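Accompanying notes for the structure given below.
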Protein chains: 2
Amino acid sequence: MAENLTLEDIGRLAGVSRSTVSRVINGQANVNPSVRSRVQEVIQRTGYTPNVVARSLVSGRTGVIGLVIPSRVHSLFEDPYFSRLIQGISAASNRAGNTLSLFLFQNEEEESALYPRVVTSGVLDGLILTATRMADPLLARMAVGEIPLVIVGRPDVDGISYVDVDNHGGAMLAAGHLVDLGYQRIGIVSAPTSTTAGVDRLNGFVEGLALRGMPLHPDLRADGDFSEESGYQAMRRLIPHRPDAVFAASDTMAVGALWALQEAGLRVPHDVALMGFDGLPASEKSNPALTTVRQPVTDTGARAVQMLNDLVTGAATSPVVEVFPVELVVRESCGAMLASSRPRTD
Amino acid sequence: MAENLTLEDIGRLAGVSRSTVSRVINGQANVNPSVRSRVQEVIQRTGYTPNVVARSLVSGRTGVIGLVIPSRVHSLFEDPYFSRLIQGISAASNRAGNTLSLFLFQNEEEESALYPRVVTSGVLDGLILTATRMADPLLARMAVGEIPLVIVGRPDVDGISYVDVDNHGGAMLAAGHLVDLGYQRIGIVSAPTSTTAGVDRLNGFVEGLALRGMPLHPDLRADGDFSEESGYQAMRRLIPHRPDAVFAASDTMAVGALWALQEAGLRVPHDVALMGFDGLPASEKSNPALTTVRQPVTDTGARAVQMLNDLVTGAATSPVVEVFPVELVVRESCGAMLASSRPRTD
DNA sequence: CCTCCCGCTGGGAGCGCTCCCAGATTTCTG
DNA sequence: CAGAAATCTGGGAGCGCTCCCAGCGGGAGG
């Protein structure tokens, strides 16, 4: 129970030296079995735990990894995607024996004030960075830093390790699915093109349509910012142009879009088909259940932690890249479930 | 840029000793101004940052505070309330110069495996614990621990510092508001009574009704678990008993309840009035906008951080308690905005 | 019988910092 | 102008740990 026990104390109690206790704790070989068990008994009895700080001072490792979510993500942070990602990363770092420190920057000012303290203070073994923007100033600074770094989501510069999902391929899948179902006026509620995910999903979607000889009409594209509200607003802008199917580049925006559709008295999927992207629980619970492209959020987070640890231990050398596949999840909102799989051509 | 500069290095570069550099960095008085500026110049030029780990080893403080969100909060974590709370705590600890470590326990097993490492390893100066349940096993263990501890939300045992909001008073306010508007069959979608917030809101509501001579009919109470889905289910159970007003003990459950009402073809507030609790952004964006009881989530988080730091520095001695007031926010869903402020009596 | 080796153990050094004390220098006092 | 006080500076000690090396005893080999 006493908090301030040291190796030396345990040694004295067990009648051995500091060094021997250290060997026992670190499971090293050259310890006499009887001595080992005697020491273990004392450790057990006293409830001794090694002081991590002192250990870190010697080893140069702290076991702490930082998760940075930069500024301007207020709205993004409301996206359940982030909750899931944080959960995934947290679980993985618990498993790996890491401690997770969270850095939520509210604004650029805080970002630049805290960044040096965070990175150069020596407390962090490495950093996971999410929600980077194109030309992110944080990224530029970090890339030159000495600290191991893994990005979640494709960064727009080279030479950095990252883990991403196949946004491009997933959006192509979505486009193909809607075309195959016979829709003619297919629109998109896109994500901000200031993010690589937004760009990739938009390009993938456009390419998926083009591949089937159906260009995206400019009127049938409205941009959102990942928030539910923005999905709602974007869909309102789209409705006057009479789309018969809409792909929203995130489930959260799709839910917003659904509101707009219902408000306008349009039935989903009978009047307008709708698709999302992410595969969040919300997509399943919505009414009608959302057809979506599921990305493995938890796996992404877990891989980021693993990648970072490889970088820290030197088991890997930068840059490492991994892109997870995504999966089409067909539910009600796309109309594929309707008796007639060929919807009316207006 | 070089990561591995030490005090000694800076001293050599500036032609002074380790000690003097330390004094300059820590802003101590007895340093010759010219020497001081010379040292500062070297620090500036080299980009030196003190090694926090070494400093911690001496001072016994790390500046790291832990935020623990225990198991069984999967559904709770989807509640935007937690996102806001985490943001508030994060912002406050950034301001206070703390580093925030996040411990999300997925299950009891992880909880008991990680707890000793977390608390006794000496990395944490203190702990903030949220979402505690009645008779929380974690709490019992922590209360006896040596580490400073602050709970967000009233714990069900004495002798622990905590910060809470006036759940009881807020629920009374809600009850009073609905009674004053003339509703006769007032129901509640309550939060789990395994949480103190759930208990306090339920008791406050019952007391608020009783105070006006209107007992809560058992049929008009349905329990949820803070999730949207549970709010939906609870309201479906309530509808057959024809309430004319319902208080949901959280905004998230209120949103779920709204779905159920709309699905049943009931208009809010014309057919059934609805109230929430929390004052989350979602309550404002819902349609109709939700009348709710707003609690100062960010302030709560900030106060918890401050309280914890007081405990750590010894500026305060346990237990400290603070309860924030809440505020009635009248919007559309309660019917107060209707032309006739006296709704029909069925 | 001596040497060599091997298993095991103890203690020194040092991680980078803060604290404290003593010495060097300057300034103030009577 | 001597003596005391105030100001400034450097270095030792030590925070709790890991790493390394030396030393101890005992068994094997020549």
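Just so it is clear, the model here is predicted, and its values are computed rather than measured. Per chain, numbering begins at 1; letters A, B, ... match sequence-line order.
- For R38(B), there are no side-chain hydrogen bond (donor to acceptor under 3.5 Å, both in side chains) partners, not counting sequence neighbours.
- Consecutive Watson-Crick or G-U pairs involving DNA chain C, each under 3.5 Å on both distances, make up stems of three or more pairs at C:1-30 with D:1-30.
- OP1 or OP2 of dG10(D) has at least one side-chain nitrogen or oxygen of S17(B) nearer than 4.0 Å.
- Residues passing the side chain to side chain contact (heavy atoms under 4.5 Å, CB included) test with A315(A), sequence neighbours excluded: D310(A), T313(A).
- Computed from coordinates, the L57(B) CG to dC15(C) P distance equals 13 Å when rounded to whole Å.
- Between N32(A) atom CG and dC24(D) atom P the separation is 19 Å, expressed in whole Å.
- Screening V305(A), L127(A), V312(A), L124(A) for a side-chain contact (heavy atoms from CB on, under 4.5 Å) with I65(A), the sole residue that qualifies is V305(A).
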Could you encode protein contacts along nucleotides 19-26 of chain C as a string, one character per nucleotide from 5' to 3', using B for base contact, S for sugar-phosphate-only contact and - for no contact, with a heavy-atom cut-off of under 4.0 Å? BB------
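- The side chain of N51(B) lies closest to dC17(C), out of dC17(C), dT9(C), dC17(D).
- Residue S59(B) places no side-chain N or O under 4.0 Å from the OP1 or OP2 atom of dT18(C).
- Regarding R36(A), its CZ atom lies at a distance of 14 Å from the P atom of dG7(C), rounded to whole Å.
- dG10(D) atom P lies 14 Å from atom CZ of R12(B), rounded to whole Å.
- With rounding to whole Å, R55(A) atom CZ is found 19 Å from dG16(C) atom P.
- For the side chain to side chain contact (heavy atoms under 4.5 Å, CB included) test, no residue two or more places apart in sequence or in another chain qualifies with V58(A).
- Side chain to side chain, T99(A) and S101(B) fail the donor-acceptor criterion of an N or O pair below 3.5 Å.
- The CD atom of E8(A) sits 10 Å away from the P atom of dG12(C) (whole-angstrom rounding).
- Between N30(B) and A54(B), it is N30(B) whose nearest contact on DNA chain D lies nearer the 5' terminus.
- Between the side chain of N26(B) and the backbone N or O of S22(B) there is at least one donor-acceptor pair closer than 3.5 Å.
- Phosphate proximity of dG16(C) to Y48(B): absent, as no side-chain N or O sits under 4.0 Å from OP1 or OP2.
- If you measure from atom CD1 of I25(A) to atom C1' of dG16(D), you get 11 Å, rounded to the nearest angstrom.
- Atom P of nucleotide dC15(D) and atom CG of L7(A) are separated by 13 Å, given to the nearest angstrom.
- Classification of E8(A) and R12(A) as a salt-bridged pair fails, no side-chain N sitting under 4.0 Å from a carboxylate O.
- The salt bridge (charged side-chain N to carboxylate O under 4.0 Å, His left out) contacts involving residues 85-95 of chain B comprise nothing, where partners must be two or more places apart or lie in separate chains.
- In this structure, a donor-acceptor pair under 3.5 Å is present between the side chains of T62(B) and D125(B).
- V53(A) comes within 4.0 angstrom of no nucleic acid atom, judged by non-hydrogen atoms across all strands.
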